[in-house]
Amino acid sequence: MKGSKTVRIVIVAVVLAIIVLVFFAYQGNRGKQQQAAEAVSATVVQNVLMKDLEHNYPPTPKEVVKYYAEITECLYNEEYSDEELVKLGNKLQHLYDVELIANQENYIDSLRQDVQEMKKNKYTIDSYEVSASTDVEYFTQNEDSCARLYCTFNIRQDNSTRITSLERFVLRKDVDGHWKILGWELVED
């Protein structure tokens, strides 16, 4: 009897020890998983910069303008390094038609000044809305395939004043079949 009682105590102690070990192993592993997830999670800017335009260029005019708006939203709303600003500017230029790029001097410096001015005046982009695919107007000009569509930016100044900016974009298909932004203009009421 005394021997069986000792065996039971030993078995209970071993089971409890196993439960404690499993609990601590689970907690340790869970902590490592959380750390790994935090290390993998990227900022909004990094997510936008990860888009590979060489191999995964937006297929439609709407998607090009949508990506342009995402980058613009990052520029005015997010915190980033000067190196990331240059990368965001380069992503924007990758969306531009060669004619638009040719008409720009010191693009990154101009972009930097524009962003600084917007941030100084406490402007942020609350949201944007690109025209529906069915509202994209396709046309031919000088034998080039072109498209016209709109994007509405909802802008807030200093968390109070709300401004709506409607912009008309014109895109042109390049020799690789990619839609490139030829230009845009503010649409007045």
Open item on the list: So, using salt bridge (Lys or Arg N to Asp or Glu O under 4.0 Å) as the criterion, who are the partners of E185 when residues are at least two apart?
Closed with: R168
Open item on the list: With no hydrogens and no angle check, just 3.5 Å: does a side-chain donor-acceptor pair link T124 and N77?
Closed with: no
TODO: Would you check if E84 and L49 make a side-chain contact, meaning some heavy-atom pair closer than 4.5 Å?
DONE: yes
Task: Minimum-distance pair of heavy atoms, taken over all atoms of E73 and D126 - done: OE2-O, 4.0 Å
Open item on the list: Distance alone, cut at 3.5 Å: any donor-acceptor contact between the side chains of Y107 and Y96?
Closed with: yes
TODO: Test T72 against I125 for side chain to side chain contact (heavy atoms under 4.5 Å, CB included), laying out the working first.
DONE: CA-CA 8 Å; T72 303; I125 298 175; 3.7 Å; yes
TODO: Could you tell me the separation between the CD atom of Q93 and the CD1 atom of I71, rounded to the nearest 0.5 Å?
DONE: 11.0 Å
Open item on the list: Is any side-chain heavy atom of I108 closer than 4.5 Å to one of N90?
Closed with: yes
- [ ] With rounding to the nearest 0.5 Å, note down the distance linking OG in S81 to NZ in K87.
- [x] 7.5 Å
Task: Residue list, salt bridge (Lys or Arg N to Asp or Glu O under 4.0 Å) with E99, at least two apart or on another chain - done: R172
Task: Sequence neighbours excluded - ring-ring contact (aromatic ring centres under 6.0 Å, His included) pairs with any residue from residues 123-172 - done: Y68-F169, Y138-W179, F169-W184
Task: Atom pair CZ (R148) and OG (S131), whose distance is rounded to the nearest 0.5 Å - done: 11.5 Å
Task: Gap separating the NE2 atom of H94 from the CD1 atom of I181, nearest 0.5 angstrom - done: 12.0 Å
Open item on the list: Please determine whether residues V130 and I163 belong to a single hydrophobic cluster, defined as Ile, Leu, Val, Met, Phe, Trp and Tyr linked transitively by side-chain heavy-atom distances below 4.5 Å.
Closed with: yes
Open item on the list: Using 0.5 Å steps for rounding, measure from the CZ atom of R162 to the CG atom of N154.
Closed with: 4.5 Å
TODO: Give a yes or no on whether V86 and L53 share a hydrophobic cluster (residues Ile, Leu, Val, Met, Phe, Trp, Tyr; joining criterion: side-chain heavy atoms under 4.5 Å apart).
DONE: yes
Open item on the list: I'd like to know whether V98 forms a side chain to side chain contact (heavy atoms under 4.5 Å, CB included) with D174, so could you lay out the CA-CA distance, the side-chain angles of the two residues, the decisive distance to 0.1 Å, and finally the verdict.
Closed with: CA-CA 9 Å; V98 291; D174 70 3; over 6 Å; no
Open item on the list: Checking the side chain of Y76 only, and the main-chain atoms of K122 only, is there a donor and an acceptor separated by less than 3.5 Å?
Closed with: no
- [ ] Please examine the side chains of L75 and L92, heavy atoms only from C-beta on, and report whether any two atoms are closer than 4.5 Å.
- [x] yes
- [ ] Would you indicate whether the side-chain heavy atoms of L88 and L111 approach each other to under 4.5 Å?
- [x] no
Open item on the list: According to salt bridge (charged side-chain N to carboxylate O under 4.0 Å, His left out), does anything in residues 44-56 pair up with another residue at least two apart or in another chain? List the pairs.
Closed with: none
Task: Spatial distance of atom CD (E167) from atom CG (L149) [nearest 0.5 Å] - done: 11.0 Å
TODO: Kindly indicate, with the supporting measurements, whether the criterion side chain to side chain contact (heavy atoms under 4.5 Å, CB included) is fulfilled by D97 and L171.
DONE: CA-CA 8 Å; D97 187 89; L171 292 88; over 6 Å; no
- [ ] Please list, chain by chain and in numerical order, all residues satisfying salt bridge (Lys or Arg N to Asp or Glu O under 4.0 Å) with K62, sequence neighbours excluded.
- [x] none
Task: Where Q104 and L100 come nearest, the two heavy atoms and their spacing - done: CG-O, 3.3 Å
Open item on the list: Any side-chain to backbone donor/acceptor pair from T60 onto E63? Under 3.5 Å, distance only.
Closed with: yes
Open item on the list: The test is side chain to side chain contact (heavy atoms under 4.5 Å, CB included); show your working for M118 and V115 and say whether it passes.
Closed with: CA-CA 5 Å; M118 290 286 278; V115 169; 5.7 Å; no
Task: Q157 side chain reached by N121 side chain, heavy atoms, under 4.5 Å - done: yes
Task: Side chain to side chain, S165 and L186, heavy atoms closer than 4.5 Å - done: yes
Open item on the list: Any heavy-atom pair between the side chains of V48 and K91 that's under 4.5 Å?
Closed with: no
Task: Side chain proximity check, L182 to D144, heavy atoms < 4.5 angstrom - done: no
Task: Qualifying salt bridge (charged side-chain N to carboxylate O under 4.0 Å, His left out) pairs, either residue in residues 101-111, two or more places apart - done: D109-R112
